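This report concerns only the one structure given below.
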Amino acid sequence: MIRSGTGNLDHSVVFAERSKRKAGISAFQFSGRSVENDEIISLNFGLPDESLFQIPNLQEACMRALHADHVKALQYGGATGTRRLPNFIAARFARQWGTSAEHGAVLVTNGSSQALDLIGRLFLDPGDEVWMEEPTYFGAIHIFTLNGATLRGFPIDHDGLITDAVEEDLIHRKNSNAPMPKLLYTIPNYHNPTGLTMSGPRREHLARLAREYGFYIVEDDAYGELGFSGAVSPPIRTMAPENTLYVSTFSKTIAPGFRLGSVIAPEQIIQGLQSMKAEGGTGGLIQEMMANLLESMDYDHHVRSIAAMYHARCDAMIRAMASCMPEGCSWTMPKGGFFVWATLPEHVETAALWSCALRHGVSFVGGQPFYVSESGANRMRLSFSYYPPDQIEEGIFRLGSAVKAYLSDASRENAG
Ligand SMILES: Cc1ncc(COP(=O)(O)O)c(C=O)c1O
């Protein structure tokens, strides 16, 4: 072991090679500039509004879970007893989409992040390919990279992933006897970071490709409940049930602190994922609490009302952008979820703009961490989930001022 500049031992020299496969968001964008700093309006992370956490209902759900009759929930394997939560998830999916997510085909996980990690562990050998939209959720880039995958990005437009581009590559692979991708990761509803939604025909096309070429679709539906109009195409899982792993989470609708997500997939895959769980199972107590909560509330009504609130915030952001952002900027118009994706003039580097934005009292996530290639330098993700409309408007006013200041500094430098 060697000593670092500060005189402390540098332990990282003995870390496994795997730990160095870090990709996704860089540390500087996490650095201290979170919502805890009151002076900065943080439009960076997709945090749900804390006023939506159902504290009295949660207290009640917790007290019921801790009743002596439920002592088994506190034991090792406590989650395997009742299966109330996986049954709720399966029944809800079946009711919403008219297909059966039969008992036994649901695995509850520690957030949907763990679901993605278990999928990586189960399916990926070093060098196996995972195909994905580009841009995409940086957490997925990080998780699949840690699992040794080679990532390949495909473009996205206003109808979501361009499935013709995927098909072209599959045909090419087939004709040249090259290996097929193992997994295709997609966020069809209110995509992170762009807010865009995949059209019905594109879903059908992708489902057909998965069946025909024999790869698996990882359908990440983190924001699916948060549509502004209620109407959305059915999940890809309903179109290719043998080839799709449907991943979902309670982080955006109930609270991320529960760390509860799930996978719906064919039974054999669920058993495989279960065997990849090294921690012995997602906590029994926390599952009982969630099951109590869901059974005691009108969850459908709850998700509709929070979606309406996020809709108003999204509208506030879009309106403010139209009046505050300088010419040459454009942005997406999401129909749900948490995010707007903005594109600035070609020469703007959002990583460089970031410090200027902080001086103006606002932050965002620059585009690059969402790409597997070296792209996205002039893009940014803006989250409308955390603040009420007046603060979002103020945040966008500050952002507009920062972009204008940055652009006029840049043109002064060019003139000089
Ligand atoms: C698209 C997407 N998938 C998965 C996650 C992970 O969520 P969690 O692990 O809290 O369920 C997030 C979180 O932001 C996300 O945006």
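Please read these numbers as outputs of a predicted model, since none were measured by experiment. Values below: every heavy atom of this structure, side chains too, minus hydrogens, waters and symmetry copies.
- Contact check for Glu295 versus Arg84: side-chain heavy atoms found under the 4.5 Å cut-off.
- Between Ala342 and Met321, the closest heavy-atom pair is CB-CE, 4.0 Å.
- For Ser375, the side-chain contact (heavy atoms from CB on, under 4.5 Å) partners are Tyr371, Ser373, not counting sequence neighbours.
- Partners of Thr244 by side-chain contact (heavy atoms from CB on, under 4.5 Å), not counting sequence neighbours, listed by chain and number: Ile217, Glu219, Ile236, Arg237, Ala240.
- Between the side chain of Lys182 and the backbone N or O of Phe123 there is at least one donor-acceptor pair closer than 3.5 Å.
- Counting only distance, with no hydrogens or angles, the side chain of Arg173 and the backbone of Ala178 share no donor-acceptor pair below 3.5 Å.
- Judged purely by atom type and a 3.5 angstrom limit, Thr350 uses its side chain to pair as donor or acceptor with the backbone of Arg379.
- Listed by chain and residue number, nothing satisfies the side-chain contact (heavy atoms from CB on, under 4.5 Å) test with Met63 (two or more places apart in sequence, or in another chain).
- Paired with Phe339 under the rule ring-ring contact (aromatic ring centres under 6.0 Å, His included), one option of Tyr223, Tyr310, Trp331, Phe364 passes, and it is Tyr223.
- Side-chain contact annotation: Glu50 with Tyr386, donor-acceptor N/O pair under 3.5 Å present.
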> Could you walk me through whether Glu204 and Arg208 pass the salt bridge (Lys or Arg N to Asp or Glu O under 4.0 Å) check?
Replying inline: CA-CA 6 Å; Glu204 295 278 2; Arg208 179 170 67 69; over 6 Å; no

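- What you find for Pro389 and Ala316 is that their closest heavy atoms are CB-CB, 3.7 Å.
- To the nearest 0.5 Å, atoms CE (Met333) and CG (Asp315) are separated by 9.5 Å.
- A donor-acceptor pair is defined here as one N or O able to donate and one able to accept, closer than 3.5 Å; no such pair exists between the side chain of Ser42 and the backbone of Asn44.
- We find that Glu393 and Arg319 are joined by a salt bridge, their nearest charged nitrogen and carboxylate oxygen being less than 4.0 Å apart.
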> Can you check salt bridge (Lys or Arg N to Asp or Glu O under 4.0 Å) on Glu242 and Arg211, steps first, answer last?
Replying inline: CA-CA 8 Å; Glu242 286 302 315; Arg211 287 193 306 267; over 6 Å; no

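- A search for salt bridge (Lys or Arg N to Asp or Glu O under 4.0 Å) contacts involving Arg95 returns Asp300, not counting sequence neighbours.
- Of the residues Thr186, Asp164, Asp157, the one that meets the side chain to side chain donor-acceptor pair (under 3.5 Å) test with Arg202 is Asp157.
- Judged by distance alone, the side chains of Arg381 and Asn192 do bring a donor and an acceptor atom under 3.5 Å apart.
- At a threshold of 4.5 Å between non-hydrogen side-chain atoms, the residues Ile143 and Ile119 do not count as touching.
- Of the possible polar contacts, none joining the Thr194 side chain to the Trp341 backbone as a donor-acceptor pair under 3.5 Å is found.
- Counting all heavy atoms, side chain and backbone alike, Pro345 lies closest to Cys329 at CD-SG, 4.0 Å.
- Arg203 places a side-chain N or O within donor-acceptor distance of the main-chain N or O of Met198, the cut-off being under 3.5 Å.
- Remark: Glu279 pairs with Asn110, Gln114, Lys277, Thr282 by the side-chain contact (heavy atoms from CB on, under 4.5 Å) rule, at least two apart or across chains.
- Residues satisfying the salt bridge (Lys or Arg N to Asp or Glu O under 4.0 Å) criterion with Asp220, sequence neighbours excluded, are absent altogether.
- Side-chain atoms of Leu206 and Leu184, non-hydrogen and from C-beta on, do get closer than 4.5 Å to each other.
- Among residues two or more places apart in sequence or in another chain, the ring pair (Phe, Tyr, Trp, His ring centres under 6.0 Å) test is passed with Phe228 by His311.
- The side chain to side chain donor-acceptor pair (under 3.5 Å) test applied to Glu17 returns Lys20, not counting sequence neighbours.
- Side chain of Thr109 to main chain of Gly261: a donor-acceptor pair is present (N/O by atom type, distance under 3.5 Å, no hydrogens or angles).
- For Tyr190, there are no ring pair (Phe, Tyr, Trp, His ring centres under 6.0 Å) partners at least two apart in sequence or on another chain.
- Heavy-atom minimum distance, Ala65 versus Leu285: CB-CD1, 3.8 Å.
- The salt bridge (Lys or Arg N to Asp or Glu O under 4.0 Å) search around Arg152 returns Asp169, not counting sequence neighbours.
- For the residue pair His142 / Thr145, no side-chain donor-acceptor distance below 3.5 Å is found, with atom types taken as modelled.
- Residues that satisfy the ring pair (Phe, Tyr, Trp, His ring centres under 6.0 Å) test with Phe215, not counting sequence neighbours, are absent from this structure.
- In terms of heavy-atom proximity, Phe144 sits nearest to Leu116 at CE2-O, 3.9 Å.
- Side chain of Asn189 to main chain of Gly224: no donor-acceptor pair is present (N/O by atom type, distance under 3.5 Å, no hydrogens or angles).
- One distance of note links CG of Leu353 with CG of Leu344; it measures 6.5 Å at 0.5 Å rounding.
- Judged purely by distance below 3.5 Å, without hydrogens or angles, the side chains of Tyr246 and Ser262 never pair a donor atom with an acceptor atom.
- The line from CD of Glu168 to NE2 of His172 is 10.0 Å long, rounded to the nearest 0.5 Å.
- At least one side-chain heavy atom of Leu85 sits under 4.5 Å from a side-chain heavy atom of Leu260.
- The aromatic rings of Phe88 and Phe250 sit tilted relative to each other, their planes meeting at an angle between 30° and 60°.
- At most 12 heavy atoms of other shown residues, nucleotides or ligands fall within 6.0 angstrom of atom CZ in Phe397.
- Here the rule is side-chain contact (heavy atoms from CB on, under 4.5 Å) with Thr136, and of Leu151, Val372, Ile141 only Ile141 fits it.
- Inter-residue side-chain proximity for Met317 and Leu43 is flagged as met; some heavy-atom pair is nearer than 4.5 Å.
- In this structure, the side chains of Met380 and Val365 stay at 4.5 Å or more apart for every pair of heavy atoms.
- Of the charged side-chain nitrogens involved, none lies within less than 4.0 Å of a carboxylate oxygen, so that Lys252 and Glu225 do not count as a salt-bridged pair.
- Not a single salt bridge (Lys or Arg N to Asp or Glu O under 4.0 Å) links Arg259 to another residue, sequence neighbours left out.
- The main-chain N or O of Gln54 is never found under 3.5 Å from a side-chain atom of Asn57 such that the two would form a donor-acceptor pair.
- At a threshold of 4.5 Å between non-hydrogen side-chain atoms, the residues Ile41 and Glu394 count as touching.
- Aromatic rings from Trp131 and Tyr185 are positioned such that their centres are separated by 6.0 Å or more.
- Annotation: the span from Ile162 atom CD1 to Phe154 atom CZ amounts to 11.0 Å, rounded to 0.5 Å.
- Considering all non-hydrogen atoms of both residues, Glu134 and Ile156 come closest at O-CG2, 3.3 Å.
- Looking at Asp298, its side chain does come within 3.5 Å of a backbone N or O of His301 through a donor-acceptor pair.
- Residues Cys314 and Pro334 have side chains in contact (heavy-atom distance under 4.5 Å, counting atoms from C-beta outward).
- Ser112 contributes atom OG, which lies 11.5 Å from atom CG of Asp117 (distance to the nearest 0.5 angstrom).
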